[in-house]
Amino acid sequence: MNKPILLSRSNIILFIIVLALVAFPFVMDSRTLTILVTQILIFGILAMSYDILLGYTGIVSFGHAMFFGIGAYCTAIMLSDFESTIGVFIVSIIVGMLIAGILSFIVGLLTLRLKSHFFAMLTMAISGLLLVVAEKWRSVTKGNDGFTFKAPEVFKDRVIFYLVVLALLVIVFIVLKRFVSSPLGRVLIAVRENEQRTKSLGFKTLYYKVIASVVAGVIAALAGSLYAVSLRFVNTSVLTMEITLDALLMTIIGGVGTLIGPLVGSVVIESAQHYLSGLARDFPIFERWIIFFGIIYILAVIFFPKGIVGTIQTKYSQWKIKRNQLDVAPLSKSKESSK
Amino acid sequence: MTSLLKLDNVNTHIGQYHILQGVHFEAKEGEVSVLLGRNGAGKTTTLKTIIGLTPASGGSVTFLNQDITKKATYDIANLGIGYVPEDQGIFGDLTVEENIKVAMRKETDESKEKLEYVLNLFPDLKKFWKKAGGNLSGGQKQMLAMSRAFVNDSRLLLIDEPSKGLAPIVIEKVMEAIVEMKKQTTIVLVEQNFIMASKIGDSFTLIDDGKTVRNGAMKELIEDDELKHKYLGIG
Amino acid sequence: GEQSSTNTPGKTTDKEETKTEEQKTETTETATESGGTIKIGVLASLTGALESYGKQTQKGFELGLEYATGGTMEVAGKKIEIVYEDTETKPEVAVQKATKLLEDDKVDFLVGSSSSGDTLAVLPLAEEYEKIMIVEPAVADSITGSEFNPYIFRTARNSSQDAYAAAAAIAGEGVKIATFAPDYSFGWDGVSAFKDAALALGAEIVAEEYAPADATDFTSNLQKIIDSKPDYLFVVWAGANSPWGQINDMKLQENGIKVSTGAPDIPALKTMGQLVGMEGFSVYYHTLPDNPINDWLVDEHKKRHNGEVPDLFTPGGFAAAMAIVTALEKSGGDADGNKLIPLMEGMSFETPKGTMTFRPEDHQALQPLYSVTLQEVDGFDYPVPVLIRELSPSETEPPIRN
Amino acid sequence: MEPIIRTENLSISFGGHKAVDRVNFEMPEKHFKSIIGPNGAGKTTFFNLISGELKNTEGDVFFKGKSIANLSSVERTRLGLGRSFQITNVFPNLTVLENVRLAVQSKEKIRFNPFKHYLHYKKITEEALTILEQVLLENKAHHIASQLAHGEKRKLEIAMLLALDTEVLMLDEPTAGMSLEEVPAILDVIKSIKNRGDKTILLIEHKMDMILDLSDSIMVLFNGKLLADGTPKEIMDNTTVQNAYLGGLYDDELVET
Amino acid sequence: MDLIISLVINGLATGMLIFLLASGLTLIFGLMHVLNFAHGGLFVWGAYAGVFSYAYSGSFIVGIIVAILTGLVFGFITEKLIITPVYGNLVQQILITLGFMLVLQEMIKVVFGPNVVAVKVPELLAGSWQLGDIIIIKYRIFIIFFGFIIFGLLHYMLTRTKIGLIVRAGVMNSDMVQALGINIKRIFLVVFMTGSALAALAGMLFAPYSGAIYAELGMEFAIMAFIVVVIGGMGSFQGSLFAAILVGLAGSFMAYYVPYLSLAVNMIIMVVVLIFRPQGLFTTAKG
Ligand SMILES: Nc1ncnc2c1ncn2[C@@H]1O[C@H](COP(=O)(O)OP(=O)(O)OP(=O)(O)O)[C@@H](O)[C@H]1O
Ligand SMILES: Nc1ncnc2c1ncn2[C@@H]1O[C@H](COP(=O)(O)OP(=O)(O)OP(=O)(O)O)[C@@H](O)[C@H]1O
Ligand SMILES: [Mg+2]
Ligand SMILES: [Mg+2]
């Protein structure tokens with residue numbers, strides 16, 4: 001049983017990783033890499049928020065992009081309409097999170113009564129409608145062409161922006177980790193496992209699902225805000241199904257319900273994409289690099305059926321059981337005690 | 001009498017767990033063999049191993065002088081083995097009619113006759129013919145699960161705790177049905193209701209901790225109070 | 001230090017000397033200063049739906065450089081290197097790749113890209129790094145409009161130029177025109193610019209229809225257009241799910257409605273079989289321009305790419321290369337963005353489509369476009385755009401919007 | 001004294017079929033009542049109506065004098081109506097301990113706290129373990145629920161109900177499929193709860209010996225209707241009940257027990 | 001009136017085309033509950049293989065046959081390699097089928113080239129009839145007709161044989177179905193192949209309708225098909241047909257009367273239907 005110890009082995013490992021990430025831009029002086037890793041971290045935040053839905057509450061949403069998009073647009077619009085200062089940036093993040101929170105609350109109430117596939121399709125429809133609104137509301141969004149804006153002066157230095165994103169990611173991770181291992185988080189897991197049974201234990205499951213959806217929505221909006229600033233540009237692509245699928249794929253590849261998995265997923269997908277398309281430039285066989293990219297997904301399912309982190313965790317605990325009991329069947333103990 | 005089914009030192013793993021660790025028994029043609037043992041002893045797993053759902057990792061299962069240890073479940077079933085699982089295995093979204101239709105291998109006169117027979121035995125099923133299986137009461141589900149196995153012409157029936165959840169009066173009917181089936185079919189029965197087991201069983205196999213601890217004729221067990229007490233907590 | 005302008009353009013031998021000499025002294029300086037190379041980063045969609053556009057740009061750019069440098073791939077004594085990057089038609093990837101080009105490859109110029117979204121996302125980087133970016137073939141007006149920055153030069157025509165060309169082809173006093181376009185920015189921009197131009201020419205717009213970009217059924221829109229009884233139907237369309245078959249099936253032409261649109265690239269022309277006789281405009285078709293550069297392009301292109309002719313955006317890539325080389329020749333090989341801007345403003349350069357000129361105000365290249373009609377020609381399995389007349393750059397000069 | 005649960009013409013029909021048909025019943029506080037009846041008589045449905053899993057189509061149901069017909073199952077559980085399920089209904093991929101822990105957590109009304117680590121609530125885990133001991137499942141505490149044998153799942157089902165610690169306990173065939181050896185143990189658990197005297201218990205069972213052993217009163221459902229309600233002796237002597245339900249199986253055995 | 005008639009006919013034809021697209025998915029997603037994102041890939045492969053053999057042989061029928069064969073072969077490969085390991089696991093299905101979709105889509109470009117391919121309507125079905133003000137496009141009548149045939153065949157397959165029942169039972173509890181002596185794997189394979197063949201066929205029939213095909217076509221239409229299957233009610237053929245026609249007609253009328261909403265019409269229908277009927281329009285579960 002894992003006890004909540006601050007200095008557990010895995011926490012120490014995480015701490016070392018964070019330190020390495022902090023040191024990274026000072027060691028590797030490459031802006032491209034900094035941007036790539038920033039991108040990875042931002043999508044990592046998005047994917048973690050998705051994991052709250054998929055991994056912890058068992059909800060497959062095809063509309064997560066709507067919250068990401070709201071964050072992105074909020075920040076972009078406010079930074080371009082007002083001054084591009086840190087203050088406006090912070091306010092825009094808060095406003096984005098608020099709007100996303102309210103919207104996810106309403107959408108949650110409206111949709112969370114539905115069963116799995118139906119829920120997924122309904123969220124897709126709602127986020128599709130939002131996309132249409134963004135396309136049509138050109139005075140504000142500039143539609144599909146989008147618009148560029150200035151990021152706050154300090155973020156001109158990509159390293160500073162990187163560190164800000166990293167700090168936010170760490171905060172989000174800690175908050176979400178606490179969230180999922182709180183009593184509330186346990187109820188979410190119960191909902192995932194057997195919603196009807198959770199009800200008859202006296203939990204109002206709809207509340208819990210809405211809470212999960214709001215938390216996920218708010219964090220996704222944060223990711224969206226950061227994303228917009230990292231590009232200094234926004235267009236309607238932030239609201240498309242592709243963003244949702246990215247979040248979904250990262251979560252699954254990394255391992256659902258692990259929180260660290262989605263981060264790993266983000267690393268895998270973003271860097272595979274980056275390096276495979278890079279290979280295409282140097283080796284003609286990789287011209288169709290997307291084929292290899294697709295094969296990665298397929299192999300991931302075959303070799304990591306529970307996602308990378310999930311599968312490693314399972315293997316590790318199996319190995320621990322083996323080592324501890326040396327092939328003693330679970331039955332053997334029962335005889336004595338049941339007498 | 002010849003033995004129809006023979007389990008020889010059967011071992012079964014589920015995942016990393018070693019569940020069956022040496023199960024032996026024989027089911028003789030035309031007899032009812034009862035598997036007994038406490039909860040978690042491995043009775044259900046034994047049946048599942050016979051039908052191939054949790055294939056044996058060691059030892060052998062022989063049916064009609066064929067080694068069926070490594071065969072696929074549907075192949076084993078098609079050799080003429082019927083199965084009534086302990087969780088009834090009802091297809092919840094399918095109606096009673098559809099549940100039976102899926103199960104019926106061939107629609108012959110004989111199978112229709114048998115259907116007629118079980119429907120008379122369990123009139124509730126007839127009453128709820130078009131109702132979704134998932135909406136039946138617990139006992140009705142049990143009846144449906146039995147009927148699904150009865151309508152086919154099986155050489156061997158594996159029945160896992162048929163009396164569970166049934167009203168006493170229905171248990172009598174089920175016993176009656178089993179006795180009726182016995183005329184044509186060999187039966188392996190897992191049963192906790194010792195009254196029922198002792199009444200219709202011809203032989204018994206006691207399983208404990210995944211191993212066969214005793215085989216014998218039912219009469220022996222009924223008379224052996226010590227054995228009953230040790231493994232079944234009765235007497 | 002910005003002393004790279006000391007390099008003098010000269011013959012090969014001179015250059016060889018300069019190179020070795022500089023290598024001794026300034027080995028750790030940037031590429032430009034080490035005198036050896038000019039690096040150009042080309043951003044294009046090399047995978048995904050816009051792949052074929054990206055590859056046209058790529059081929060055109062290569063041939064253009066070759067032509068411009070007389071096959072030496074050197075300008076003002078410097079070697080030219082090209083680095084291609086695939087934007088995958090995703091803005092975030094475009095930014096990532098552009099940054100990589102600017103930071104790791106240390107390119108002196110950016111060229112690209114196939115989608116307006118990608119291009120818009122990259123524009124601020126050009127400004128930040130003070131490098132010239134040649135926009136090709138993205139068309140959104142805002143690139144040289146509201147989102148303009150001085151480092152941006154566009155060899156591609158913009159949506160407004162298309163619209164003026166289209167209007168020039170069909171609009172006139174009292175002509176009734178209906179428009180049909182996809183329901184997103186590209187369609188709206190195209191129609192709105194077209195409307196301005198057509199109204200200015202005295203035409204009347206009787207219907208404006210938009211259909212979802214991924215629609216399969218256009219008959220309702222077409223029905224409404226028929227109901228509005230126009231003389232012409234002007235179609236703005238991009239994408240493969242084209243309305244041509246249904247326009248034909250709905251018998252628009254038989255009902256006296258003439259269809260007009262911009263001629264697309266050859267694969268898409270193949271879907272326009274039923275539109276023979278249509279009058280519209282073209283950005284490029286290999287038989288339209290009549291000049292030696294185009295002849296060279298067509299010949300060389302056929303030679304290298306097993307008989308294929310250059311297509312819609314090939315000359316654009318070519319023009320981008322010409323623009324860069326011309327500018328470098330003017331600057332004597334100095335690729336410094338700030339020095340190039342004044343040199344390039346108002347600069348004219350030769351392209352397969354004739355002479356283009358970067359307008360000083362918004363750096364949009366004014367360029368010839370073509371009024372065409374689609375005709376069946378023996379030996380072609382698609383309707384061929386045949387020249388009615390060449391529209392001079394001034395005829396399609398769009399308003400300045402930056 | 002006001003009965004803790006009372007129904008008035010409680011009915012539900014599925015399509016045309018009346019599964020529970022105008023049942024009037026009263027449940028005194030701290031009383032032990034068993035419900036018997038043939039399969040499909042409506043026993044489980046009757047439970048569902050009281051616990052709120054199903055909504056009645058007619059009639060009314062009262063808890064401590066107040067109508068609860070419009071309350072959801074969640075609210076009824078919180079009022080103090082806890083139940084177990086006939087078809088095993090647990091959290092299949094969680095450990096046995098975790099299953100029970102969730103129930104204890106609900107009892108302790110720790111629901112929305114998002115900031116404290118759940119393992120800091122040591123008391124909850126300890127309580128869960130105690131309950132597992134009671135139902136003889138402590139040795140399986142760290143097994144995944146779906147890997148349990150059938151009888152073990154039934155024990156888990158009971159453990160979850162006990163963990164909820166509601167005023168009213170409704171047990172739907174708790175020992176179905178449990179081995180002969182273990183039935184007495186569960187019987188002991190139920191008995192000890194009964195003897196503590198602070199719970200109202202409703203039990204559905206088909207094991208007559210067990211019912212006779214435990215019940216203060218027995219009610220019989222037949223075709224959705226209340227056929228009889230009375231002391232065990234009254235019920236056993238009732239010939240209608242014998243014909244409709246008991247049959248002959250228990251004739252000789254009854255004498256023994 | 002004329003207007004209404006022509007809107008109805010066009011809407012019906014579009015609806016029927018959507019039904020053809022969705023019919024394969026009704027089997028694979030609706031009945032077997034496999035969230036197959038690669039469905040669109042099979043659709044495009046059917047279209048390309050069919051169109052190229054149509055162009056090569058000059059016979060539309062050859063094209064259709066090749067498309068169906070392609071669907072069967074690809075269905076076989078997909079089921080064996082991609083789907084078998086992930087039955088019953090939604091999360092893995094999403095990942096593996098999306099990966100496979102990318103592979104299928106890019107392979108199109110490798111095999112057939114990256115360009116848009118123009119497709120002509122076969123001579124016999126080309127053109128349109130003009131009756132007064134009503135214009136009826138011949139190929140659409142053909143599509144409507146074909147749609148009903150497919151519907152009939154599937155209806156027969158699912159009501160007159162046990163296959164539909166077995167698949168539904170197999171999804172609920174595949175162990176039990178096997179214990180009843182049914183080789184459920186083989187049945188799943190057959191049904192999956194049928195679904196794939198239907199996708200490929202739909203692709204082939206779609207090609208002349210739209211006049212052009214391209215590799216990215218698949219994903220767009222797969223989503224449309226998912227919408228139809230879900231609002232029709234998972235696994236219900238009548239539901240899919242009804243939903244498809246609803247989507248077709250709504251698209252047709254909205255485009256005429258409320259054009260500014262036509263971009264959103266599918267989404268609006270889905271939202272409205274699911275909010276009022278959370279299980280879709282038709283349901284297969286009885287009782
Ligand atoms: N899928 C599984 N994974 C791990 N262990 C399992 C699995 N299925 C069963 N077991 C274990 O195997 C043992 C035997 O189970 P089985 O179901 O065969 O018992 P049984 O004799 O039928 O008991 P019961 O009378 O309760 O039905 C039990 O201890 C159970 O926990
Ligand atoms: N959700 C439902 N929909 C339709 N019919 C139902 C539903 N639930 C129960 N029924 C029917 O109502 C009747 C009563 O069922 P119930 O489950 O209450 O019986 P029971 O007395 O608990 O029987 P058992 O002893 O077999 O568990 C049965 O005929 C059953 O088929
Ligand atoms: Mg068992
Ligand atoms: Mg019941």
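Since we're looking at a predicted model, the values are computed, not measured. Here is the naming used below: chain letters follow the sequence lines, and residue numbers restart at 1 for every chain.
- Using a 4.5 Å cut-off between heavy atoms, D:S106 touches chain A through backbone and side chain atoms alike.
- Using a 4.5 Å cut-off between non-hydrogen atoms, the part of residues 209-222 of chain A that approaches chain D consists of A:I211.
- Aromatic ring centres of D:F46 and D:F25: separated by under 6.0 Å.
- By the 4.0 Å N-to-carboxylate-O rule, D:D60 lies too far from D:R6 to be salt-bridged with it.
- In the model, D:E157 has no side-chain atom that pairs as donor or acceptor with a side-chain atom of D:S84 under 3.5 Å.
- Salt bridge annotation for D:E98-D:R101: present, with a cationic side-chain nitrogen under 4.0 angstrom from a carboxylate oxygen.
- In this structure, chain A has a heavy atom under 4.5 Å from the side chain of D:L164, while its backbone stays farther away.
- Counting heavy-atom pairs closer than 4.5 Å to chain D, the top residue among A:S181, A:A190, A:S200 is A:S181.
- Ranked by heavy-atom pairs shorter than 4.5 Å toward chain D, the options A:Q196, A:R197, A:E193 are led by A:R197.
- Put simply, the side chain of D:L203 reaches to within 4.5 Å of the side chain of D:P174, judged on heavy atoms.
- Chosen from A:Y208, A:F179, A:Y207, the residue pairing most often with chain D at heavy-atom distances under 4.5 Å is A:Y208.
- In this structure, A:R192 has no salt bridge (Lys or Arg N to Asp or Glu O under 4.0 Å) partners at least two apart in sequence or on a different chain.
- Between D:K43 and D:E173 there is no salt bridge, since no side-chain N of the basic residue sits under 4.0 Å from a carboxylate O of the acidic one.
- Electrostatic pairing of D:K122 and D:E127 does not count as a salt bridge here, judged by no charged N lying under 4.0 Å from a carboxylate O.
- Per-residue counts of heavy-atom pairs under 4.5 Å with chain A were compared for D:E75, D:K107, D:Q105; the largest is that of D:Q105.
- With a 4.5 angstrom heavy-atom cutoff, A:T198 touches chain D via backbone and side-chain atoms both.
- Salt bridge status for D:E152 with D:K140: present, with a side-chain N to carboxylate O gap under 4.0 Å.
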